[in-house]
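This structure is a prediction, so every number in the text was calculated from the model and none was measured. In what follows, chains carry the letters A, B, and so on, assigned in the order in which the sequence lines appear, proteins first and then strands, with residues in each chain numbered from 1.
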Protein chains: 2
Amino acid sequence: MSTINVREKLLEVAGPVFSEKGFEKATVREICQKADVNVASVNYYFGDKEQLYLEVICLAKPMGVSRAPLPEWNEHTPPEQKLEDWVITLVRRMLGTGELSWSNHLIMREVLRPTRACDHLVQELFRPFVNIADKILLEILGDEVPDYRRMQCIFSIAAQCQFYRVSGSLVTLMLGEEEQKTHYNTEQIIEHILQFSLSAIKNLKHEYLSSEMESSSSLNQI
Amino acid sequence: MSTINVREKLLEVAGPVFSEKGFEKATVREICQKADVNVASVNYYFGDKEQLYLEVICLAKPMGVSRAPLPEWNEHTPPEQKLEDWVITLVRRMLGTGELSWSNHLIMREVLRPTRACDHLVQELFRPFVNIADKILLEILGDEVPDYRRMQCIFSIAAQCQFYRVSGSLVTLMLGEEEQKTHYNTEQIIEHILQFSLSAIKNLKHEYLSSEMESSSSLNQI
DNA sequence: AATTGTATTAAACACGTGTTTAAATTCAAA
DNA sequence: TTTGAATTTAAACACGTGTTTAATACAATT
């Protein structure tokens with residue numbers, strides 16, 4: 001029967017299953033059934049279920065990136081434009097639906113309940129991506145703003161993106177499906193996150209600018 | 001042995017177990033063992049595991065609220081103060097540790113993977129709490145800002161709080177434990193979320209104020 | 001053609017789960 | 001003391017899980 005490699009067929013089929021059910025609730029039997037191979041194949045080719053999972057994660061990483069890549073920038077691209085691109089990319093990766101979206105869903109699962117694979121993702125995927133945002137914020141904020149403040153801002157942006165992925169069902173319960181479809185499609189979410197975050201960041205810059213000239217510092221200065 | 005009601009003992013013990021392991025991974029055997037009762041007791045007193053879970057959720061709701069209540073306000077309390085109290089309360093409920101923290105952890109689980117119990121929580125807990133924030137934002141923003149904009153801001157605040165609960169282990173992996181303990185204790189997280197969000201909200205107000213007088217509207221107006 | 005090693009298969013294994021059963025026990029009311 | 005319902009108990013049940021096994025098929029090699 002099997003025209004091609006059973007091993008590849010398993011890797012191909014396991015991704016969406018792990019993504020939808022998670023590692024624990026996904027069953028070897030379901031994966032093998034969908035791959036049209038025998039139940040023992042997973043253990044024969046991968047040793048055990050977890051090894052298969054780890055290899056799937058490693059495949060998911062480049063897939064997720066290529067599905068929603070960052071645009072090209074040149075030296076004249078303003079940092080606000082870069083930040084917008086970065087946020088759009090992050091939202092697309094987190095909320096995206098369609099063809100290869102299982103890869104990003106799977107990566108999201110790792111964030112929420114890290115397994116051994118998460119270290120790898122942090123080093124190879126998250127940290128580089130965060131570093132890009134950090135450089136952008138450095139351009140916007142200047143180096144008077146301390147490092148940890150930039151990271152807090154990046155976390156705040158990522159948090160908002162993650163919220164709509166993780167708590168999507170809660171949002172539906174809170175708003176009703178009508179309101180949600182009216183004001184909470186992906187583009188509107190991106191626009192809000194961008195405006196909300198960018199104004200907060202700009203204000204942070206002003207806070208440190210003014211604290212250089214005079215010595216005021218607080219929230220009540222808009 | 002059992003000095004008191006077996007039923008109550010089960011309810012008391014099941015809370016922390018469900019909170020730590022989640023509904024699926026928590027086992028009836030562990031609960032009964034910790035309660036010092038026979039394995040069959042859960043089915044005898046509650047019918048099945050899920051009924052026990054639902055009753056535990058109902059107990060968790062008032063516990064979580066009483067553990068971190070909102071302070072009293074009077075008619076002279078400024079809305080910025082109220083918002084600060086609201087955020088502090090939300091962070092305390094989400095990130096709190098200690099005695100009764102299992103109840104809020106359990107409620108967080110419902111948000112991330114809603115069961116039938118979530119409808120109840122939304123109606124009795126989340127919506128009233130969000131409505132409070134909505135009124136505060138109405139005070140700050142005025143009614144020129146459309147309703148859905150206020151809700152987006154509330155989601156952005158809640159998102160930041162949720163992030164540090166849900167992705168705490170990711171934050172640790174990204175920062176290293178040193179940096180995390182230096183700049184990411186609960187008080188500093190609260191301060192950042194407050195400053196970040198309040199400046200974004202104030203800016204939103206200014207945007208709508210200026211769009212009443214002139215017709216400009218955009219992000220680049222700080 | 002015989003042999004060797006890889007690949008595939010159906011079956012069974014070992015274990016943990018929620019649940020049920022039926023007997024034993026308790027304990028208060030008659 | 002007897003009765004009978006409520007409770008507690010140990011054991012087993014039914015099912016799903018990942019994994020292993022031993023037999024078989026098949027192609028490549030000698």
Side-chain angles (χ1 to χ4, degrees), chain A residues 1-60 102 106 109-110 113-118, chain B residues 1-60 102 106 109-110 113-118:
Chain A
M1 173 70 69
S2 65
T3 62
I4 44 165
N5 210 341
V6 170
R7 199 187 141 89
E8 288 181 24
K9 187 82 184 172
L10 276 173
L11 282 172
E12 183 187 332
V13 166
V17 176
F18 279 132
S19 166
E20 188 191 352
K21 310 278 182 76
F23 176 76
E24 324 263 356
K25 304 201 80 180
T27 72
V28 172
R29 282 180 165 79
E30 177 186 0
I31 292 170
C32 290
Q33 184 184 336
K34 290 190 174 172
D36 247 329
V37 300
N38 188 272
V39 214
S41 304
V42 165
N43 298 274
Y44 182 78
Y45 283 102
F46 297 92
D48 59 4
K49 182 186 176 186
E50 190 183 6
Q51 269 304 315
L52 168 62
Y53 176 77
L54 292 178
E55 294 210 27
V56 167
I57 290 277
C58 289
L59 284 181
W102 65 264
L106 188 55
R109 279 191 184 276
E110 271 300 310
R113 191 167 302 276
T115 71
R116 267 190 295 132
C118 198
Chain B
M1 174 65 71
S2 66
T3 61
I4 43 164
N5 211 341
V6 171
R7 199 187 140 90
E8 287 181 23
K9 187 82 184 173
L10 277 172
L11 283 172
E12 181 188 334
V13 167
V17 175
F18 279 132
S19 166
E20 189 191 353
K21 310 280 182 76
F23 175 75
E24 325 262 355
K25 304 201 79 180
T27 71
V28 171
R29 281 180 166 80
E30 178 186 358
I31 292 171
C32 290
Q33 183 183 336
K34 290 190 173 170
D36 248 329
V37 300
N38 188 271
V39 216
S41 303
V42 164
N43 298 275
Y44 182 77
Y45 282 103
F46 297 91
D48 61 3
K49 183 186 174 186
E50 191 183 4
Q51 269 303 316
L52 168 62
Y53 177 77
L54 293 178
E55 294 211 25
V56 168
I57 290 277
C58 290
L59 285 181
W102 66 263
L106 188 55
R109 280 192 184 275
E110 272 299 312
R113 191 168 301 277
T115 71
R116 267 190 295 133
C118 198

Send over the distance from [X] [atom1] to [N] [atom2], rounded to a whole Å.
X	N	atom1	atom2	value
B:Lys21	C:dG16	NZ	P	14 Å
B:Lys9	D:dT7	NZ	C1'	18 Å
A:Asp48	D:dT19	CG	C1'	9 Å
B:Asp36	D:dT8	CG	P	12 Å
A:Phe23	D:dT17	CZ	P	13 Å
A:Lys49	D:dT20	NZ	P	14 Å
B:Gln33	C:dT17	CD	P	11 Å

Next on the checklist: Check the phosphate of D:dT8 against B:Asn38, side-chain N and O only, distance under 4.0 Å to OP1 or OP2. Yes or no?
Outcome noted: no

Checklist entry - 5'-most contact on DNA chain D: A:Thr27 or B:Ala40, nearest heavy atom basis? => result B:Ala40

Checklist entry - Hey, is the main chain of A:Glu20 close enough, under 3.5 Å, to the side chain of A:Arg109 for a donor-acceptor pair? => result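 Answer holds: yes.
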
Item to check | 5′-ward residue of the pair A:Val39/A:Tyr44 relative to DNA chain C | outcome: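 Final value for this comparison: A:Tyr44.
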
Next on the checklist: Please determine whether any donor N or O and acceptor N or O are separated by less than 3.5 Å between the side chain of A:Arg29 and the base of D:dG16.
Outcome noted: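 Counting by modelled atom types and ignoring angles, no donor-acceptor contact under 3.5 Å is found here.
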
Checklist entry - Which nucleotide in the list D:dT8, C:dT8, C:dT20 gets nearest to the side chain of A:Val6? => result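 Ranking D:dT8, C:dT8, C:dT20 by closest atom to the A:Val6 side chain puts C:dT8 first.
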
Checklist entry - Touch check for B:Phe46, heavy atoms < 4.0 angstrom, all strands: base, sugar-phosphate only, or nothing? => result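 B:Phe46: no heavy atom of the nucleic acid under 4.0 Å.
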
Item to check | Salt bridge flag under 4.0 Å for residues B:Glu24 and B:Arg113 | outcome: no

Checklist entry - About how many Å separate CD of B:Glu8 and OH of B:Tyr45, when rounded to the nearest 0.5 Å? => result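 If we round to the nearest 0.5 Å, B:Tyr45:OH and B:Glu8:CD are 10.5 Å apart.
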
